[in-house]
Amino acid sequence: MAQFLESARDIAREAGALIAGHFHKGVQFELKDQYDLVTVADRASETLIVERLANLFPKHSILGEEGGQREHSSEYQWYVDPLDGTTNFAHGYPMFNVTLALEHAGELICGVVYDPLHDEMFSAELGGGAYLNGKRIHTSAAPSLETALLSTGFPSRKRHESVNVHFFHQVSMCTHGIRRGGSAAIDLSYVACGRLDGFWEFGLKPWDMAAGLLLIREAGGRTTDMHGGPVSLYGPHAAVSNGPIHDELMGLFGEVFQGRYRYPLTLISPKE
Ligand code: IPD
Ligand code: CA
Ligand code: CA
C-alpha cells in the first residue's frame, strides 16, 4: 500500500505545481453549466494525473471529474479531482487543491489532498493514520456545537433545488460559525487536522470526498450521511465531524429534515 500513497503524493505535487502555475498567470474560464466553471488548468491537471496513474498502475480503474476515465475489471479504483475549488481558482481566490484517492474492493485505502499555494500535503492510509506534511494529525476536541466551527458548501448545478440554506441557518445560530471555503476536499482536510470541527454538504461527487473521508477516519473523526447513517461516495449527502459533536449535529439535522426549526428565520419587514 505504501507505494500507492507515495505515488499519489508525487502525482498530486506535480499536478499542484501545474495548476499553481496557471493560477499565477491568470486563466479564463468556460461554463459546463450555468454556474459550473472549468478551466484549462482542470483539464491539463487531469490529463497529467490520469497519464501518470495509467503508467504506474495500468490495470487500475480511474474516475476523474473531467472525463478522464479508465475502466478495467480491477478491484482498484482511483478517484481524481484534478482541481477542487475551480470557482475560487477562476476568481483568483487562493483556496483550491488536487485530490486523489484509491479504493480497493470498495474500501478506501489511501488518499491525498494537496494545496499547492500553502504547500500543504494531507495524506492518509487505511489503518496508518492521517498526516499533514509528514506530521500526524488528529481531529479537534471540541465537545459541543456551542464551541464548534463548521463548514459547508452549496452546489453549482441545480442550485434552485438546494435545501442547504435551512441547515446553514440552524447551524449558524448555535455554533461559533460556519465557513464556506469553496473547496470540499480542503474543508474535509481541515476537519481532519482540527482547524474545523465539522462539515456537511449535499450532492458531493466521489472525487470531491474520497480522500477527505479517509483522512477524517484516520484522524479519529466520524463520517456519516446527514441522517447519521453510513456515508456513500455516491450518496446524496455527507456529514463529518471531530467525533464528539456528531450526535448533537445529527439531532439538529434531524429536526431540519422534519421541518422543525429550533431557530425560526426572521423575515424582513418591508417597512425596514
Ligand atoms: C466543488 C467544490 C465546492 C463544493 C462543490 C464542488 P469543483 O468542486 O468542492 O466547495 O461546494 O460542491 O463541486 O467543481 O471546484 O471541483
Ligand atoms: Ca471538486
Ligand atoms: Ca474539480
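Every number for a ligand or one of its atoms is a count from 1 in the order of the listing.
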Which residue from Asp187, Asp208, Thr86 reaches closest to atom 13 (O) of ligand 1 through any of its heavy atoms?
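Result: the heavy atom closest to atom 13 (O) of ligand 1 is in Asp208.
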
Return the option from Lys205, Met209, Glu201 holding the heavy atom at the smallest distance from atom 4 (C) of ligand 1.
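When every heavy atom of Lys205, Met209, Glu201 is considered, Glu201 comes closest to atom 4 (C) of ligand 1.
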
What atoms in ligand 1 come closer than 4.0 Å to a heavy atom of [X]?
X: Ala184; answer: 2 (C), 9 (O), 10 (O)
X: Leu83; answer: 16 (O)
X: Ser183; answer: 9 (O), 10 (O)
X: Arg180; answer: 3 (C), 10 (O), 11 (O)
X: Gly182; answer: 2 (C), 3 (C), 10 (O)
X: Phe154; answer: 11 (O)
X: Asp84; answer: 1 (C), 2 (C), 7 (P), 8 (O), 9 (O), 15 (O), 16 (O)

Any idea which heavy atoms bring [X] and [Y] closest together, and the distance?
X: Tyr131; Y: Ile137; result: N-CG1, 3.7 Å
X: Tyr261; Y: Val256; result: CE1-CG1, 3.9 Å
X: Ala142; Y: Asn242; result: O-ND2, 2.8 Å
X: Ala185; Y: Thr99; result: CB-CG2, 3.9 Å

Closest protein heavy atom to atom 7 (P) of ligand 1, given as residue, atom name and distance to 0.1 Å:
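The answer is Gly85 N, 3.7 Å.
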
Tell me which protein heavy atom sits closest to atom 14 (O) of ligand 1, plus the residue, atom name and distance to 0.1 Å.
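Closest protein heavy atom to atom 14 (O) of ligand 1: Glu65 OE2, 3.8 Å.
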
Location of contacts on Leu204 toward ligand 1, heavy atoms closer than 4.0 Å:
side chain

Heavy-atom pairs closer than 4.0 Å: do any link ligand 1 to the side chain of Asp81, the backbone, both, or neither?
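For Asp81, the contact with ligand 1 is made by the side chain alone.
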
Contact check, side chains of Arg70 and Trp78, non-hydrogen atoms, under 4.5 Å
no

Find out whether Arg262 and Gln170 are in side-chain contact, i.e. whether some heavy atom of one side chain is under 4.5 Å from a heavy atom of the other.
yes

So does [X] pair up with [Y], basic N to acidic O under 4.0 Å?
X: Glu65; Y: Lys205; value: no
X: Arg195; Y: Glu120; value: yes
X: Arg9; Y: Glu6; value: yes

Which word best sums up how the rings of His227 and His237 line up, parallel for under 30°, tilted for 30 to 60°, or perpendicular for over 60°?
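The rings of His227 and His237 stand perpendicular, inter-plane angle above 60°.
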
Does the plane of the ring in Phe257 sit parallel, tilted or perpendicular to the ring in Phe167? Use 30° and 60° as the thresholds.
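Ring orientation of Phe257 relative to Phe167: perpendicular.
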
Residue and atom names of protein N/O/S atoms that fall under 3.0 Å from the Ca ion (ligand 2):
Asp81 OD2, Asp84 OD1, Asp208 OD1

Sub-6.0 Å ring centroid separation between Phe57 and Tyr76:
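Not close enough - the centres of the two rings lie 6.0 Å or further apart.
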
Return yes when Asn88 approaches ligand 1 closer than 4.0 angstrom through a heavy atom, no otherwise.
no

Cation-aromatic face contact Arg13/Tyr114, 6.0 Å, 45 degrees
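Relative to the ring axis of Tyr114, which defines the angle, Arg13 lies inside both limits.
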
